[in-house]
*Asks:* 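Here it is, the structure, as structure tokens.
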Amino acid sequence: MSKKQKTFRPKARLPRGLHDEKAFEVVAQRQMLEQIRQVYELYGFEPLETSALEYADVLGKFLPDQDRPNEGVFSFQDDDDQWLSLRYDLTAPLARYVAQNYDGLAKPFRRYQVGPVWRNEKPGPGRYRQFIQFDADTVAAPGMSADAELCAMLSDAMEALGIPRGSYEVRVNNRKILDGVFEQIGIALDDPDTNNQRLTALRAIDKLDRLGVNGVRALLGKGRKDESGDFTKGAELSEDQIEKVMSFVSVTAEARLDVCNALDDIVAGNETGKSGVTELREIDALLTAGGYGSDQIRFDPSIVRGLEYYTGPVYEVELTFETTDEGGEVSRFGSVGSGGRYDGLVERFKGVRIPATGCSIGVSRLFAALQALGKVDDQALRGPVVVLVMDQARVSEYQKMVQELRQAGIRSELYLGGSGMKAQMKYADKRQAPIVVIEGEDELANDTVTLKDLALGAKLSGEISDNKEWRESQATQVSVPRSDLVSRAQSMLDDDEVGE
RNA sequence: GCCGUCGUAGCUCAGUCGGUUAGAGCGCUAGAUUGUGGAUCUAGAGGUCCCCUGUUCAAUUCAGGGCGACGGUACCA
């Protein structure tokens, strides 16, 4: 066909599961992160930033190998052949940092960290291959007060973000209780023969909210076939074993102490389980003393977390309100944060058991939820004051105006394009500029400038339908002495803010 | 990974039972408007109909494969 030589043009595209953040999202999310940060700092956590890359073996169980070089993590080989990986969470790097700097740290060591993490897996609704986590951890604090305050802090963070009480819940459980139940039914923690069964059971319970009691029962037993026809192998527990697990998981009560009392019966005679309930009681006492009621923080035995490494309290922050999307589909946001105690994590490096407990907020999902709740300030992105270029010969004068505005702390810019006035106005509109500064022939002759309030104009435009009236409406602009440029612009901006 | 739906303009989507110039709305550009965004009217630009292979005189349309998006499920440190 065509004999034209083809120039290679890469297709402008982004790898799947990643996305660009536009100015509006960046600004709004920054506000949100700042609110969380203030809560974390108020609790005394100090910031730490570790690098995005770590040696693969530092990150843990997924070591790249021939068969599955990138299972779950993004990895590549350095020029000395060592495997590097992008971090997939902020906890593993923390463990590395603590192990590496242990002697110099004030202990307990309490740090927060926010940043992107990467996971090389199939993206889904609300799931990306790069997303932001906001973590706080306390290392080398064995007592329950460290755990209790993280639950309290998550609660505080939700409320700081404007999520009303009753629209979120921190749900707390203790892994030791489940461990006790597992002991009772003969699949104890230290038994390598039942390791897979135990993990499968763990994941099954974790799905209770989504699959319901029957779904979980199926997964604890033979397995489950879902609507799409996919079969999931179960934990192969016996009826009696399933019964025991379900009786534990099904415990519900409003008051935290009622939950504890009910759990006492279930773990009767098992030391591991009993110590778990005791820890819950300690947490309850601490939370109650702090004024946190069960409308904020509840005990919920169905919260187990799918991960193996938790050794004590585990918890999730759940958003409980529902939203209706464009298609009329009702959806719940579910978990936006989680945490727990993992006394074994630093042990990998030091060989010494160092207690640690921490929590993590899934920022991207939480952000989406806040948008649905209308808690995201859509005024967040406001453009600069734009000084129009009416006459190229006078650019230096316009630049001087910009300079004055900037010196007064007013975000402003000279129009830097090459188009005419109309296009400049469009530009200013698109940038969501609050004000446009115009100095044309008329103004120059009178030593004035015209300030046009774009935001006000937009508001008024809805009420005008007649073309003539439209053209003539000049209520949104004022002519002021050149020397008053800064002060009048400032008061216009102030009015806008009040007017919102 | 498995199952399913889908891929046409910048966006949302129509359409072609295989046949000449593939459409709409929104957006974009320009004009109506002697210096003015956002309302209104008019005009214009913009398409490898996802890619490859096959069937056919002829493929955007049919078939196979690939890639991608979406949804469910599994995994999720």
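Every value quoted in this text rests on a predicted model; they were computed, and no experiment measured them.
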*Asks:* Write out all pairs satisfying side-chain hydrogen bond (donor to acceptor under 3.5 Å, both in side chains) with one or both partners inside residues 170-179 of chain A, taking only residues at least two apart or from two chains.
*Replies:*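 Pairs touching residues 170-179 of chain A that pass the test: A:E169-A:R171, A:N174-A:E279, A:K176-A:E279.
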*Asks:* Using side-chain hydrogen bond (donor to acceptor under 3.5 Å, both in side chains) as the criterion, list what pairs up with A:R406, not counting sequence neighbours.
*Replies:*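 Listed in chain order: nothing, the list is empty.
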*Asks:* Atom NZ of A:K422 to atom C1' of B:U33: distance rounded to whole Å?
*Replies:*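 Whole-Å distance recorded here is 6 Å.
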*Asks:* Sequence neighbours left out, what passes ring pair (Phe, Tyr, Trp, His ring centres under 6.0 Å) with A:F248? Give chain and number order.
*Replies:*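 Checked A:F248 against ring pair (Phe, Tyr, Trp, His ring centres under 6.0 Å); zero matches.
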*Asks:* With pairs defined as Watson-Crick or G-U wobble and both distances under 3.5 angstrom, please note down RNA chain B as a dot-bracket string, | for pairing with another strand.
*Replies:* (((((((..((((.....[...)))).(((((.......))))).....(((((..]....))))))))))))....
*Asks:* May I ask you to list the residues of residues 194-207 of chain A, by number, that have any heavy atom positioned under 4.0 Å from an atom of RNA chain B?
*Replies:*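 Going residue by residue through residues 194-207 of chain A, the ones with a heavy atom under 4.0 Å of RNA chain B turn out to be A:R203, A:K207.
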*Asks:* Salt bridge (Lys or Arg N to Asp or Glu O under 4.0 Å) with A:E49: which residues, sequence neighbours excluded?
*Replies:*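 Applying salt bridge (Lys or Arg N to Asp or Glu O under 4.0 Å) to A:E49 gives none.
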*Asks:* Say we look at B:C51 and B:U8: how far apart would their C1' atoms be, to the nearest angstrom?
*Replies:*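 Each nucleotide's C1' atom is 15 Å from the other's.
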*Asks:* Kindly assign one of parallel, tilted or perpendicular to the pair A:Y112 and A:Y40, based on the angle between their ring planes and the thresholds 30° and 60°.
*Replies:*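 Perpendicular: the ring planes of A:Y112 and A:Y40 meet at over 60°.
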*Asks:* I'd like to check the side-chain hydrogen bond (donor to acceptor under 3.5 Å, both in side chains) partners of A:Q197; sequence neighbours left out, ordered by chain and number.
*Replies:*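 For A:Q197 there are no side-chain hydrogen bond (donor to acceptor under 3.5 Å, both in side chains) partners, ignoring immediate neighbours.
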*Asks:* Rounded to whole angstrom, note down the C1' distance from B:U34 over to B:U12.
*Replies:*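 About 40 Å, rounded to a whole number of Å.
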*Asks:* Using the side-chain hydrogen bond (donor to acceptor under 3.5 Å, both in side chains) criterion, which residues pair with A:E443? Sequence neighbours excluded.
*Replies:*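 side-chain hydrogen bond (donor to acceptor under 3.5 Å, both in side chains) list for A:E443, sorted by chain: A:T450.
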*Asks:* Between N or O atoms, less than 3.5 Å apart, protein on one side and nucleotides 65-69 of chain B on the other: list the pairs.
*Replies:*
none

*Asks:* Under the side chain to side chain contact (heavy atoms under 4.5 Å, CB included) test, which residues partner A:Q130, sequence neighbours left out?
*Replies:*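 Counting only residues at least two positions away or on another chain, A:Q130 forms a side chain to side chain contact (heavy atoms under 4.5 Å, CB included) with A:L18, A:P116, A:W118.
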*Asks:* List in chain and number order the residues that pass side-chain hydrogen bond (donor to acceptor under 3.5 Å, both in side chains) with A:Q113, two or more places apart in sequence or in another chain; answer none if no residue qualifies.
*Replies:*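 Partners of A:Q113 by the side-chain hydrogen bond (donor to acceptor under 3.5 Å, both in side chains) criterion, ordered by chain and then number, come out as A:T50, A:R111.
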*Asks:* If I take atom CZ in residue A:R87 and atom C1' in nucleotide B:C76, what distance separates them, rounded to the nearest angstrom?
*Replies:*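 Atom-to-atom, A:R87 to B:C76, this comes out as 18 Å.
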*Asks:* Could I get the full list of side chain to side chain contact (heavy atoms under 4.5 Å, CB included) partners for A:P142, not counting sequence neighbours?
*Replies:*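 Counting only residues at least two positions away or on another chain, A:P142 forms a side chain to side chain contact (heavy atoms under 4.5 Å, CB included) with A:P355.
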